[in-house]
Amino acid sequence: MTELVHRETHESVATITLDSPGNRNALSARLRRELIDHLDAAIADTAARVIVLTHAGSVFCAGMDLKESRGSAAGEQGVREFPRILQTVWDSPKPVLARLTGPARAGGVGLLAACDIAIAADTTTFAFSEVRLGVVPAVISVTVLPRLLPRAAHELFLTGETFNAARATKIGLLNRAVPADQLDAEVGRFVAMLRRGGPGALAGVKDLLRRERPSSMPADFAEMNELSARYFAGEEGQEGIRAFAEKRSPAWTTI
């Protein structure tokens, strides 16, 4: 069976690639399991000093796989691995850099927000699309809110509006937005700078930076995961997911 996530280590850089373009690299149960395995392996690999998270296909990550959420009760939503993924990226003693050439939505934005550095092509777009499906961006809020300006978080979480890479940089979601033909050079420049840092010092800096986030992150994830599952399984969430699958507007937009 072909992997949905690949990992390659070269010159002390572990590159992890989401490779499920058929469903826009959505966070299916299988992709989540493979991503956890590759993240754990990259962190444990003594030959890897920097981790780059990237993607195949035209989309970085479309968020949760809604096909798996349709018709499932709250306790069966199957998203238990996602907080583990975000916490693993956030807590990694090795710097994690996100490289995007295409859109990120919902959980995909949470994933890049968990990374230490995020660099995208300037044509990339983003959206917290959850409210338009009748659900809430609960789990990803744990990694996204420390990055975003508060006013921007209120606006974009509540409206679900699509925004561009320039806006994402301005509000703190991205470090850099560059023309697509300059993306690899910019990623390479950051990787080269990160490789100059002592491995122990980099891990120490990560510990220092984590003080920006309250030590209750595991408890926050547990609470937000429960909240997220409740909305996904609720009447409104299920209607939003059905509408998405049927390519129509949800019932509440006609009220």
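The shown structure was predicted, so the numbers you read here are calculated from the model rather than taken from an experiment.
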Problem - Arg167 vs Glu155, salt bridge (Lys or Arg N to Asp or Glu O under 4.0 Å): CA-CA, chis, key distance, verdict - result: CA-CA 12 Å; Arg167 179 92 192 273; Glu155 174 193 339; 3.0 Å; yes

In short, Thr9 meets Ala47 closest at the heavy-atom pair CG2-O, 4.2 Å

Tightest non-hydrogen contact, residues Ile43 and Lys94, listed as O-NZ, 2.9 Å

In this structure, CD1 of Ile85 is separated from CD1 of Ile36 (nearest 0.5 Å) by 4.5 Å

_Hydrophobic cluster identity match, Phe221 and Tyr231, side-chain contacts under 4.5 Å_ = yes

Next on the checklist: Looking at Glu239 and Arg248, is there a salt bridge between them, counting it only when a charged N and a carboxylate O are closer than 4.0 Å?
Outcome noted: yes

Tell me if the CD atom of Glu223 is crowded by more than 12 foreign heavy atoms within 6.0 Å.
no

Assess whether side chain to side chain contact (heavy atoms under 4.5 Å, CB included) is satisfied between His55 and Thr101, documenting all intermediate values.
CA-CA 8 Å; His55 62 104; Thr101 64; 3.0 Å; yes

Any side-chain donor-acceptor pair under 3.5 Å between Asn23 and Ser20?
-> yes

Self-check item: Phe163 atom CZ: more than 12 heavy-atom contacts under 6.0 Å
Solution: yes

Hey, is the main chain of Ser249 close enough, under 3.5 Å, to the side chain of Thr253 for a donor-acceptor pair?
no

Margin query: Applying a strict under-4.5 Å side-chain criterion to I, L, V, M, F, W and Y, I'd like to know whether Leu100 and Val109 cluster together.
Written below: yes

Between Thr54 and Ile16, is the side chain to side chain contact (heavy atoms under 4.5 Å, CB included) condition met? List the steps. CA-CA 6 Å; Thr54 188; Ile16 297 176; over 6 Å; no

- Query: Between His10 and Thr15, is any side-chain donor less than 3.5 angstrom from a side-chain acceptor?
  - Reply: no

Taking the side chain as C-beta and beyond, is there a heavy-atom pair between Val50 and Ser12 under 4.5 Å?
no

Without swapping roles, check the side chain of Asp220 against the backbone of Val142 for a donor-acceptor pair under 3.5 Å. no

Between Ile140 and Gly107, the two heavy atoms sitting closest are CG2-CA, 3.7 Å

**Message:** Hydrophobic clusters here meaning ILVMFWY residues chained together by side-chain heavy-atom distances under 4.5 Å, can you tell me if Leu31 and Val59 are in one?
**Reply:** no

When rounded to the nearest 0.5 Å, the distance separating CG of Asn25 from CG of Asp65 is 11.0 Å

Worksheet item: Salt-bridged, Asp40 to Arg84, with N to O below 4.0 Å?
Response: yes

Nearest heavy-atom contact between Leu86 and Ala114 is O-CB, 3.8 Å

Rounded to the nearest 0.5 Å, the CZ atom of Arg242 sits from the CG atom of Leu133 at a distance of 12.0 Å

Next on the checklist: Within the 4.5 Å heavy-atom criterion, are Val5 and Asp19 side-chain neighbours or not?
Outcome noted: no

query: Between Thr125 and Arg105, does any side-chain donor sit less than 3.5 Å from a side-chain acceptor?
result: yes

- prompt: Are Ile171 and Val131 grouped together when hydrophobic residues (ILVMFWY) are joined by side-chain heavy atoms under 4.5 angstrom apart?
  reply: no

- Task: Test side chain to side chain contact (heavy atoms under 4.5 Å, CB included) on Trp90 and Asp116 and set out the steps.
- Result: CA-CA 7 Å; Trp90 188 277; Asp116 299 293; over 6 Å; no

Rounded to the nearest 0.5 Å, the CD atom of Glu81 sits from the CG atom of Leu27 at a distance of 10.0 Å

Do the side chains of Glu11 and Arg49 get close enough for a salt bridge, i.e. N-O under 4.0 angstrom? no

- [ ] Say whether His6 and Glu34, considering side chains only, have a donor N or O and an acceptor N or O under 3.5 Å apart.
- [x] no

- Side chain to side chain, Pro199 and Leu202, heavy atoms closer than 4.5 Å: no

Donor-acceptor check, side chain of Ser92 to backbone of Val89, threshold 3.5 angstrom: yes or no? no

Margin query: Are the side chains of His38 and Glu3 in contact, using a 4.5 Å heavy-atom criterion?
Written below: yes

Do the non-hydrogen side-chain atoms of Ile241 and Phe232 ever get within less than 4.5 Å of each other? yes

### Message
Can you confirm whether Thr159 sits close enough to Phe128 that some side-chain heavy atom of one is under 4.5 Å from a side-chain heavy atom of the other?
### Response
no

- Task: Run the numbers on Glu130 and Val136 for side chain to side chain contact (heavy atoms under 4.5 Å, CB included), then give the verdict.
- Result: CA-CA 5 Å; Glu130 287 89 345; Val136 297; 5.6 Å; no

Closest non-hydrogen atoms of Leu112 and Ala104, given as atom of the first, atom of the second and distance, are CD2-CB, 3.8 Å

Taken to the nearest 0.5 Å, the spacing of Ile119 CD1 from Phe190 CZ works out to 4.5 Å

Tightest non-hydrogen contact, residues Val96 and Cys115, listed as O-CB, 3.5 Å

Q) Is the CZ atom of Phe157 crowded by more than 12 outside heavy atoms at less than 6.0 Å? A) yes

ask   = Quick one: are Leu111 and Phe60 in side-chain contact, heavy atoms under 4.5 Å?
value = yes

Quiz item: Between Arg99 and Asp184, is there a side-chain N and carboxylate O pair less than 4.0 Å apart?
Solution: yes

With a 4.5 Å heavy-atom cut-off, do Leu148 and Leu173 have their side chains touching?
yes

Taken to the nearest 0.5 Å, the spacing of Asp122 CG from Leu174 CG works out to 10.5 Å

hydrophobic_cluster_shared for Met193 and Leu53, side chain cutoff 4.5 Å:
no

Q. Would you say the side-chain atoms of Thr143 and Arg147 include a donor-acceptor pair closer than 3.5 Å?
A. no

